[in-house]
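On a predicted model such as this, the values are computed, not experimentally measured, just so you know.
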Amino acid sequence: MQRIWRMIAGRAVLLLLLLAFFAVALIGVAGIGVSVVVVESVQGSASAVNVAGSLRRLAHRAGGLALARGMGAAEQGAVRDAVAQFEAALESPVIANVLERQPSSVFASIFRGVEAGWTERIRPNLLHIPEAPADDPLATAHYRALLADVDAFAEEINTLVAVLEHEAESRIGQLRTLLGAAFVLLVFVIAAALAVLRRGVLVPLTDLRACAARIARGDFGARSRYTGPDELGRVGDAFNAMADELSVAYRELEARVQKKTADLTRSNRALELLYYVIARLYHAPASSETYSETLHDLEQTLGLKGSFICIEPKHGGPAAAIASTMGDCAERTAGSENCARCSGRAAPWSYHREGDVDVLMVPLRDAERHYGMLRLALPLGQRLAEWERDLLEAVSRHMGIALGISRQSERERLLSLQEERSIIARELHDSLAQSLSFMKIQVSLLSSALAGPKPREDAAPILGDLREGINVAYRQLRELLTSFRLRIEGDFARLLGNTVSEFAARSGLPIRLELDLAGGHLNPNQEIHVLHIVREALSNAVRHAQATDIRVALAPGPDGEIEVVVEDDGCGVGDGARVAAQHFGLTIMAERARGLGGSFEVQDRPGGGTRIVVRFMPEAAEMHPQISIAVEGK
């Protein structure tokens, strides 16, 4: 029973609509049926009225013909025909149908009276009327009585017609009443159905649409007021359940968005901190201001109560504090000057209670060495979150890398200084020292010549050689000063171009430069040697070759070697005096070529002139920081 009730309640709106539909249909069918019945009941009444009405005329006609026959003015046959016509009308099928449909009605009773009056009184009197002269008083009285009887019979017929007409009008009135009642009932049913539809369908749907609009605007607290066992009530329940789920999902999504936003904000803060830390460490990896600013940023980001950085010295001893916002190291204050016993080294990334704070010990190290310790003071009991620990680990790692780079840079600068001093000593030994040694020999020869029998004659050539040696030494000294003033500025192509431009401007000769290394890479030492070779060759060409055109070319050879060519269209190398004048320069160039691990050749240029060719293998293709060299003042 409950199941049937739930089924009915679950389809209440549909059942109400079906009920209203069936009620309207039933009213329509009932109205149509009643109309059909009434129409059937009055069908033929009009014809019956006409036929009944014709009975009065036929009765008077039969009466008139009977009187005419009694007076000799008509035949008996005419009377019989009139009687037969009356009887035919009396037995008309139209009247018979009315009698058959209403056998017990007033019309049937009157009709039977009329039929009896005709059969018993009127018809015998008409057919057996006596024939007599017009002045016969008996006949006259009989005729008058017949006429009165016919008139009375006509009145009965009138009553019959009136009853028939009244019954027809009564049926029509009943039909009108029934149709009016059906119309009123139909209007009532339709109005009730519309009211039910409005209350059960339109209002709930309007409420659901309003709730859906509120949810679409983000108001997930909207709920339908129309709930229940019927169809739209269950839709309302489903809508409220959906709104509850949407509300929960929205809150969860909002919480996730807030969490993601917080994560992104935190990541941005971490990235921003890392960016500034790396930028500061890159520009000044050993500056105490860099670490002070980094500690300030860490305290702001991690909510620290203080921080401290100490760097261990390179050759033992206590560590040096380079930045601190929490005073000196508590362990050193307690008397432990040996940083090898630092608790942070024994237990890195550990917390230690120091007064009213917890101190986190973070080591500063790169992949190879330990450089110092980062001490961070946190409120008691506070520990770093995972992202804060990751950020701190990244910052400390960059600090360690910066400290390692700083120390590596110091070592490289020391090596560079030592190498530079070695180069200077070698250059002095190979050039100026050799010239001084030569002049020292010449001075010894000059002393011997002055002590000889012909001092003037013997001393003259020695003095010439000594003068030439001094000139060479002076020139070598200037070349060395120029070389020592070389500093890192610009790239090799620019430096070579500046050198060519310098000699072209100094000599007024056209000097062409053709540089195409095709991806070959020269290390700084090779670049310096090549530059000196080119400068020496250009100096010889300008000073001794009497050239009008000079060409400098650097290009890779087919075997991968770099070929340096300096050629001119001058007088060539056949003149022994000029070769002697260039002797020291050629020797220096040859030694530099050997220093490159290559070869040095002095050739005759086709068409006249001299060609200096140096070949050496460039450095293997390897990515190195670009070091540019330029002449000071250029």
Test I311 against L364 for side-chain contact (heavy atoms from CB on, under 4.5 Å), laying out the working first. CA-CA 9 Å; I311 304 299; L364 299 178; 4.3 Å; yes
**Prompt:** side-chain contact (heavy atoms from CB on, under 4.5 Å) between T325 and E299: does it pass, once the steps are laid out?
**Reply:** CA-CA 10 Å; T325 60; E299 292 173 4; 2.4 Å; yes
**Report entry** Test side-chain contact (heavy atoms from CB on, under 4.5 Å) applied to L374 and L295, step by step
**Finding:** CA-CA 9 Å; L374 176 61; L295 290 184; 3.5 Å; yes
May I have the step-by-step check of side-chain contact (heavy atoms from CB on, under 4.5 Å) for S307 and R375, ending in yes or no? CA-CA 5 Å; S307 53; R375 298 163 53 86; over 6 Å; no
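In this structure, CG in L304 is found 5.0 Å from CG in L302, a value given to the nearest 0.5 Å. Expressed to the nearest 0.5 Å, how far CZ of F616 lies from CD of Q526 amounts to 5.0 Å. In this structure, the separation between CD1 on I322 and CD on E289 is 10.0 Å, given to the nearest 0.5 Å. The structure places OG1 of T294 at 11.5 Å from NE2 of H398, a figure rounded to the nearest 0.5 Å. Distance CD/E312 to CE/M373: 7.0 Å, rounded to 0.5 Å. Expressed to the nearest 0.5 Å, how far CZ of R266 lies from CZ of R269 amounts to 9.0 Å.
In this structure a side-chain-to-backbone donor-acceptor pair under 3.5 Å is missing from T301 to L298. A donor-acceptor pair under 3.5 Å is absent between the side-chain atoms of S170 and the main chain of H166, judged by distance alone. Looking at N268, its side chain does come within 3.5 Å of a backbone N or O of L264 through a donor-acceptor pair. Formation of a donor-acceptor pair under 3.5 Å by the S406 side chain with backbone atoms of A402 is not found in this model.
Nearest heavy-atom pair, D516 versus P556, reported as atom, atom and distance to 0.1 Å: O-CD, 2.8 Å. The heavy-atom pair separating A243 from A222 by the smallest distance is CB-O, 3.8 Å. Between A377 and M326, the shortest heavy-atom distance links the atoms CB-CE, 3.9 Å. Nearest approach of P363 to S396, heavy atoms of both residues: O-CB, 3.9 Å. Of all the heavy atoms in L179 and S35, the pair that sits closest is CD2-OG, 3.2 Å. Shown here for G497 and L513, the closest heavy-atom pair between the two residues is CA-CD2, 3.8 Å.
The side-chain heavy atoms of I172 and E169, taken from C-beta on, include no pair separated by under 4.5 Å. Side-chain contact between L554 and F492 is present, with at least one heavy-atom pair separated by less than 4.5 Å. Annotation: side chain of L186 is in contact with side chain of V24 (closest heavy-atom distance under 4.5 Å). Between L496 and L515 the shortest side-chain heavy-atom distance falls below 4.5 Å. The shortest side-chain heavy-atom distance between V161 and F107 does not fall under the 4.5 Å cut-off. Contact annotation: the side chain of L164 never approaches that of L160 to less than 4.5 Å [non-hydrogen atoms, C-beta and beyond]. Looking only at side-chain heavy atoms (C-beta outward), V359 and F308 stay at 4.5 Å or farther from each other. Counting heavy atoms from C-beta on, the side chains of W349 and M361 never come closer than 4.5 Å.
Here E514 pairs with R512, R551 under the salt bridge (charged side-chain N to carboxylate O under 4.0 Å, His left out) rule; sequence neighbours left out. Looking at residues two or more places apart in sequence or on another chain, you find a ring-ring contact (aromatic ring centres under 6.0 Å, His included) between Y250 and F220.
For residues 240-249, the salt bridge (charged side-chain N to carboxylate O under 4.0 Å, His left out) pairs, not counting sequence neighbours, are R223-D244.
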Please tabulate, for side-chain N and O atoms in residues 195-211, each donor-acceptor pair with protein atoms closer than 3.5 Å (sequence neighbours left out).
residue	atom	partner	partner atom	Å
T206	OG1	L202	O	2.8
D207	OD2	S224	OG	3.0
D207	OD2	R225	N	3.2

Just list the side-chain donor-acceptor pairs under 3.5 Å for residues 271-286, sequence neighbours left out, or say none.
residue	atom	partner	partner atom	Å
R280	NE	E293	OE1	2.9
R280	NH1	D297	OD2	3.0
R280	NH2	D297	OD2	2.7

Let me check something: any side-chain donor-acceptor pairs from residues 381-389 under 3.5 Å, sequence neighbours excluded? List them with distances.
residue	atom	partner	partner atom	Å
R383	NH1	D358	OD2	3.1
E388	OE1	A385	N	2.8

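Between the side chains of S247 and R251, a donor-acceptor pair is found at a separation under 3.5 Å. Between the side chains of S350 and H352, at least one donor N or O sits under 3.5 Å from an acceptor N or O.
Between L414 and the choices E410, Q418, E412, the side-chain contact (heavy atoms from CB on, under 4.5 Å) rule is met once, by Q418. Just one of V94, V98, I95, N97 meets the side-chain contact (heavy atoms from CB on, under 4.5 Å) condition when paired with S47; it is V94.
No salt bridge links R234 with D237; every basic N to acidic carboxylate O contact stays at or beyond 4.0 Å.
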